[in-house]
Amino acid sequence: MTLKQLQISIMEQMPEEWRFREEDSEIIRKHKDILLAYTDEILEEFFKTLLSYPSMKSIMDKMSEDEVKSVVERFRKFWIRLIEGPHDDSFWDWMTYVGLLHVKRRITNPMVLASWFYFRAKCMEKIKDKLSMEEAIDLIKALERASTTAAALTAEAYFQIYLQCVEQATGINRDLLEKLVDIAIKDVEDKIRR
Amino acid sequence: MNKSQELKNKLLGLRQFLPEVRGAVLSSMNGFVIAYEGLTDSESPKVGAMAVATFAVSKRVTEELGIGNVNEIVIRTERGFLLIYEVKDVGILAVETSGNANVGLVNIMVNQLINNIKQILNF
């Protein structure tokens, strides 16, 4: 399965009403100046928190100085793209590709979901006094849809690519893998019930 | 007699001819049990799927080494053997024996059994 096919299949698993829509893109872009004004502050606090947390810091510690610089730069690009758009296929392809990178770097889905919380919370904090209640709610909803869609792509891509690597490394096909999981899940359920 | 019963009888025949054979399970390449004999209802799906997985891993590693197709897998344990064979176009046959089994003889009998299985399933 290619990343493109993976992106499409993940998107299809989310009801259209609950995933990112063109209207959301318009709403976010409409208020981009408010959010982009805080770019340095938001990213600085993000990395400060990230590096103060042992499991996340250990991942960064394994990287060379150049790699760390490149990660910081990628986050800046990501933040700007999230707010400025375009929220087109290439953006969602990128979010899917992040899942692959995370398998390589052992960046887990809880880390990803927690990071998305941070960005959402920061956005809410920065807009609350600058927009009317109605506008703020619309923007929050749009950002929620963007973050949910991106997090779903990254997290599910992580899982699917992980499985694909297991399949490739062991020669065990997906149907057989699912059968083995079906067998194992019974034992796991029994242990949990005990 | 339906095909399922015919297959079960063939597996039973192997056990009757070679008493060292304790059990056998034939599974599809996706790990679904086609027929079994001498194993319990709960053992057969697990052993069957795990045998297919073992075969898949062995095939993968021998491909990597470029040393040809896997004919059979022989696992010798403290108390016996687990022998795993490919039944082309059908699936995987796993045979469990006691430690005093003559593996060469089991191989000969299983190869005949594999031909019988293919005939029953029209391959």
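Throughout, protein chains are lettered first and strands after them, A, B, ... in sequence-line order, and every chain is numbered starting at 1. Predicted model only: the values in this text are computed from it and were never measured.
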Side chain from CB out, backbone as N, CA, C, O: work out which of these in A:Leu180 comes under 4.5 Å of a heavy atom of chain B, or both, or neither.
side chain

Are A:Phe119 and A:Phe46 near enough that their ring centres are under 6.0 Å apart?
yes

What are the two closest non-hydrogen atoms of A:Ile34 and A:Lys126, and how far apart are they?
CG2-O, 4.0 Å

For B:Asp41 and B:Tyr36, which I'm curious about, is there any donor-acceptor pair between the side chains at under 3.5 Å?
yes

I would like to know whether A:Lys179 and B:Asn30 meet side-chain contact (heavy atoms from CB on, under 4.5 Å); could you show each step before the answer?
CA-CA 7 Å; A:Lys179 178 76 184 159; B:Asn30 294 340; over 6 Å; no

Side chain, backbone, both or neither of A:Ala184 within contact of chain B (heavy atoms, under 4.5 Å):
neither

At a heavy-atom separation under 4.5 Å, does B:Lys59 approach chain A through its side chain, its backbone, both, or neither?
neither

